[in-house]
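As structure tokens, the structure follows; a few thoughts come after it.
So that the names make sense, note that chain A is the first sequence line, chain B the second, and so on, each numbered from 1. Just so it is clear, the structure is predicted and the values come from calculations on it, not from any experiment.
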Number of protein chains: 2
Amino acid sequence: MRTAPASLAEARRLTKEDIYERLRREIVEGELRPGQRLGEEWVAGRLGASRTPVREALHKLEADGLVVLRPHRGALVRPFDLDELIGIFDLRVRIEGYAARRAATRLLPEQIDELASIQQRQVKLLNTPVTDKHEEPGSDAIRSLVELNQRFHRLIHIGSGNRHVEVMLSRLAYLPLVYQAIYAHGRQGRWVSLYHHEQLVHSFRTEDPELAEATMRTHIYHGRQAALARFAEGDHQEGPGSD
Amino acid sequence: MRTAPASLAEARRLTKEDIYERLRREIVEGELRPGQRLGEEWVAGRLGASRTPVREALHKLEADGLVVLRPHRGALVRPFDLDELIGIFDLRVRIEGYAARRAATRLLPEQIDELASIQQRQVKLLNTPVTDKHEEPGSDAIRSLVELNQRFHRLIHIGSGNRHVEVMLSRLAYLPLVYQAIYAHGRQGRWVSLYHHEQLVHSFRTEDPELAEATMRTHIYHGRQAALARFAEGDHQEGPGSD
DNA sequence: CATGGGGCAATTGTATGCAACCCACAGCGA
DNA sequence: TCGCTGTGGGTTGCATACAATTGCCCCATG
């Protein structure tokens, strides 16, 4: 078999998933900025694949709302504005609130333990001695924090038992500014955020849907503040030159 | 130019949009039933196109949640169950409620007039002398009613000024059972439904977001009853044979 | 008879060539 | 000068050939 060359080199050709994941990451993390053009030929050349899988990856990214496809004129990373950002959080508040409410009476004890464990790991991360590096977007500490945060929320989405919740939120929560907002929180903001997580775990343990929903709504609004602040910084503007 | 051969024959080859629209209609209206297999080759042969556009259409349908793609094993029309149907309405109530609330303070007078006009046309349709044909799913009267109903709702989605509302609802509202539920309403049910539309128009005219949201929620729950009844009839079951 | 491996048919995944399309811009005529 | 037209560069859209993957059937073997 060829699935496990175990290590280096591996000149295996890229599948559409590889390309999709890579482009998605680059867009969400901000390496590819809004307005950046993504011609099929250009992307294919850059990654060393043919147009076909690139094309499919771009179409999927369009379905995710991350790129705009202009027939015969090339794709580009979709820009978005303040109004849209607010609109996104309006919907997240409602959908994640609903997810938390449902999860409160559906999560299994093991799943709640898992949530608690994630929460504790985040606390530990925030308690490690502060170096300036902690504030840099690309640093490992931030990356882990973001990663754990996503795992926490995704577990709740799954725990809601409504498959459409996951689909909707994958379109609303994994976007450039929303992602970057995590490190727009100041130190205090991150502690508040973790307190919300703690409260959520508590509401699940006591199977209290009202508390779960209210807490989640507060939590999302809290995240909104960070995203709006981040937006105000102007870090969202068009990419290099464009045209 | 060749864009307007004006009439018949027109052996222009099918684009992926043609194929997408056609498959989508067939699935939503129930001609292609859940579980039905949709091999790329098979679809291409049936419609007289090559695999490439068919493939892209199928991928888009998967993003819409209408088909399931199984790598190397072919696509099929996605089946869904009672739990999912309930979950869909849970989300619709919240999202359409939000849309109506926002629309109440954003719709322009012309847009409200348009809504009123649609509502009146629906009343007229329901008032035409009853023949049995009116109850048949495929009849022109039912088709018009469904069409007008979709226009009415879509106008509100757009009027909400939140582009994500449209995207979310296109995944939640244009599904087989949801669509078919329209004619699962009895005669009285249709009148109640139109009364809700009338109330919505009123709430928009008076710019009353609370009334708009409450009315929309009631309206969607009303639709849910019809969908659940339709589901209970068992009209959702697997297609011919499958396997 | 149960079980595991080889190979085969069905099907999608990828590469590539050519056709169709969109737009910008130059050139022409009023 | 202004508007119209057509032509060419750039880019996607479609068709087709070939490669890769999956699942299954069948047979050898314990």
Do any pairs count as a ring-ring contact (aromatic ring centres under 6.0 Å, His included) and have a residue in residues 13-71 of chain B, sequence neighbours left out, and if so which ones? none

I need the CG-C1' distance between Leu69(A) and dG13(D), as an integer number of Å. 12 Å

Base contacts versus sugar-phosphate-only contacts with protein, heavy atoms under 4.0 Å: please encode nucleotides 11-18 of chain C as B, S and - from 5' to 3'. BBBBBBB-

Would you list the pairs meeting side chain to side chain donor-acceptor pair (under 3.5 Å) in which at least one residue belongs to residues 103-112 of chain A, sequence neighbours left out? none

According to ring-ring contact (aromatic ring centres under 6.0 Å, His included), does anything in residues 143-163 of chain A pair up with another residue at least two apart or in another chain? List the pairs. Phe152(A)-His197(A), His153(A)-His197(A), His153(A)-His219(A)

Run the salt bridge (Lys or Arg N to Asp or Glu O under 4.0 Å) test against Asp18(B) and tell me which residues pass, sequence neighbours left out. Arg12(B)

Taking only residues two or more places apart in sequence or in another chain, which ones pass side-chain contact (heavy atoms from CB on, under 4.5 Å) with Glu31(B)? Arg25(B), Glu26(B), Glu29(B)

